[in-house]
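Atoms within each ligand, like the ligands themselves, are counted from 1 in listed order. Excluded from the calculations below are hydrogen atoms, water molecules and symmetry mates; all remaining heavy atoms, backbone and side chain alike, are included. Numbers for residues simply follow the sequence, beginning at 1.
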Amino acid sequence: MSTPISEVHDARQQQPTGEAGTQQIIVQKFGGSSVSDAEGVKRVAKRVVDAQSAGNAVVVVVSAMGDTTDELLDLAAQVTDSAPAREMDMLLSAGERISMALLAMAINKLGASAQSFTGSQAGMITDGIHGKARIIDVDPHRIRTALGKGHIAIVAGFQGMSRATNEITTLGRGGSDTTAVALAAALEASVCEIYTDVDGIYTADPRVVPAAQKIDTISSEEMLELAASGAKILHLRCVEYARRFGVPLHVRSSFSQHEGTWVIPSADDKITTQEGVALEQPIISGVAHDRSEAKVTVVGVPDIPGKAAAIFEVIAAAHSNIDMIVQNVSTQGRNKTDISFTLPIVEGAEALAALHAAQDLIGFESIDYNEQIGKLSLIGAGMRSHPGVSATFFKALSDAGININMISTSEIRISVVTHADLLDEAVRVIHKAFDLDSDSEATVYGGTGR
Ligand code: ADP
Ligand code: ASP
Ligand code: MG
């Protein structure tokens, strides 16, 4: 019987048991930098076997080795500039299959027993949208059977299968985190451990801000904002999924034994100290940055009702996800305005083609397209009750001579777009302005940051 747990349906009916015999199930996910070469695979194998020896039933989700996914994308681009989405998923899903089999071999070599499973064998059922499929069902009966026989189950992350099309799908970049949480929810695991190349979630990306501080606990609300603002330490959908199903998430390094960061399910839950004393939320939880977006400016749009709607209908029909939007004040007497917005660079070409096709209908003059931008976001639930945050934020950027192209805010976030070349400096300036800098340097154990 399948387990009705999905990203798109809220129904959580009969759950499978969280015990394999009398054991707790734990799910461990290892990212690409943790398994970047044979030595990495062996190191991870040892860690997994140790977790089993400690008395757990262990399910492992593994990503493609190192920068394999990027290398496969580069390869495809050398072959064609219009790869069919189906073939792209066949190609990219191969990356995770390599690491799952190698990890299973390494574990068997250590004397424990492991079996690897593709996403589809592990029961990751998705819709049929190639490249950004959503999980609609998780049916991990083969994983439960493997655990019942005392095996360690290794699952290829980032992939699934559509029952509607019978095709292999992928979940979108960084999607192995979501595979891990979905399995943890379906198996009622006691914890989902996300192993990566830094010691946990920091107040900023430690590759950009060496003085970033490790956060011990963060609410899922703040982690959602960080992930949505580009902090790629966790896949956004994994955080949403974990919150919805109450999966405890522990983000930590596969290169050290240090305790990492716990993502706690709700902002309402009090963050407690080790002595059990409830603390106020910190004002600021961190700074995120994002280089994956481009800015589109539609120039000379007739300043009459319905034109913004027409533009965004065209963009929506091209399946683009718009982020920030700014409409300039229309120039006196000209009755024209400019509308700017940001969207993922990977969706840029399709959106531009759709807009150009609708130029006569909408009546705009031209389009500017700029990929040399970066977005910086300051996030903190405590911002709600601290009015001085915006003033400090904008003063710090102005003192550093950093020009702002766009601004957007939410209750717990301020985001700005700057020139791409100024982004790293802007992140460091804001981190310092909010007293987030620590005296010690954060350790980055591996990875290329690609
Ligand atoms: P994995 O291959 O393990 O999935 P990722 O590269 O996807 O690893 O994510 C880990 C990286 O996320 C870190 O190496 C770091 O550069 C980056 N990162 C971005 N924001 C943060 C943050 N706030 N805290 C920690 N790491 C961050
Ligand atoms: N290998 C995929 C990627 O690089 C999925 C993942 O690592 O989570 O995006
Ligand atoms: Mg990742």
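Counting heavy atoms from C-beta outward, Y445 and D199 have side chains that approach closer than 4.5 Å. Here the side chains of I379 and I284 are not in contact, with every heavy-atom distance at 4.5 Å or above. Side-chain atoms of T179 and L171, non-hydrogen and from C-beta on, do get closer than 4.5 Å to each other. The shortest side-chain heavy-atom distance between T165 and R86 does not fall under the 4.5 Å cut-off. Between L73 and R173 the shortest side-chain heavy-atom distance falls below 4.5 Å. Between R252 and Y195, the closest side-chain pair of non-hydrogen atoms falls below 4.5 Å. Side-chain contact between F394 and V416: present, with at least one pair of heavy atoms (C-beta onward) separated by less than 4.5 Å. Under the 4.5 Å side-chain criterion, counting only non-hydrogen atoms from C-beta, K46 is in contact with L110.
Residues L91 and A76 share a closest heavy-atom pair of CD2-CB, 3.9 Å.
Taking OG1 of T170 as the reference point, atom CD1 of I129 lies at 11.5 Å (rounded to 0.5 Å). From S408, atom OG reaches atom CG of D323 across 6.5 Å, with rounding to the nearest 0.5 Å.
The nearest protein atom to atom 15 (C) of ligand 1, hydrogens excluded, is given as D205 OD1, 3.2 Å; this is a heavy-atom distance. Looking at atom 24 (N) of ligand 1, its nearest protein heavy atom turns out to be Y202 N, 2.9 Å. Nearest protein neighbour of atom 3 (C) of ligand 2, counting heavy atoms only, is R173 NE, 3.3 Å. Of the protein's non-hydrogen atoms, the one nearest atom 8 (O) of ligand 1 is T196 OG1, 3.2 Å. The protein heavy-atom contact nearest to atom 4 (O) of ligand 1 is K29 NZ, 3.1 Å. Atom 27 (C) of ligand 1 has its closest protein heavy atom at I233 CB, 3.7 Å. For atom 25 (C) of ligand 1, the nearest protein heavy atom (residue, atom name, distance) is G200 O, 3.4 Å. Taking atom 6 (C) of ligand 2 as the reference point, the nearest protein heavy-atom neighbour is S176 OG, 3.4 Å. In this structure, the protein non-hydrogen atom closest to atom 9 (O) of ligand 1 is K232 O, 3.5 Å. Nearest protein heavy-atom neighbour of atom 7 (O) of ligand 2: S63 OG, 3.2 Å. Shortest contact from atom 14 (O) of ligand 1 to any protein heavy atom: D197 OD1, 2.7 Å.
Residue contacts with ligand 1 include G32, since one or more of its heavy atoms lies under 4.0 Å from the ligand. Within the 4.0 Å heavy-atom cutoff, G175 counts among the residues contacting ligand 2. The shortest separation from a heavy atom of G286 to ligand 1 is not under 4.0 Å, leaving the residue out of contact. S63 does not count as a contact of ligand 1, since none of its heavy atoms falls under 4.0 Å from the ligand. By the 4.0 Å heavy-atom criterion, G157 is excluded from the residues contacting ligand 2. Ligand 1 lies less than 4.0 angstrom from a heavy atom belonging to A204.
Residue contact check: I201 has heavy atoms under 4.0 Å from atoms 24 (N) of ligand 1. Near A231, meaning under 4.0 Å from one of its heavy atoms, ligand 1 places the atoms 20 (N). Set against the non-hydrogen atoms of P206, the atoms of ligand 1 under 4.0 Å away are 25 (C), 26 (N), 27 (C). Atom numbering of ligand 2 starts at 1 in the shown order; those under 4.0 Å from a heavy atom of T69 are 1 (N), 2 (C), 3 (C), 4 (O).
For ligand 2, the polar-atom distance check finds no N/O of D177 at less than 3.5 Å from any of the ligand's N/O atoms. Ligand 2 has a nitrogen or oxygen under 3.5 angstrom from a nitrogen or oxygen of G174. At under 3.5 Å, a nitrogen or oxygen of E96, whether backbone or side chain, sits near a nitrogen or oxygen of ligand 2.
Around atom CZ of R97, no more than 12 heavy atoms belonging to other residues, nucleotides or ligands sit under 6.0 Å away.
A side-chain contact (heavy atoms from CB on, under 4.5 Å) with L226 holds for exactly one of L234, T203, I233, I218; it is I218.
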side-chain hydrogen bond (donor to acceptor under 3.5 Å, both in side chains), that's the test. Do Q213 and S438 meet it? Break it down for me.
CA-CA 6 Å; Q213 292 177 50; S438 81; 5.6 Å; no

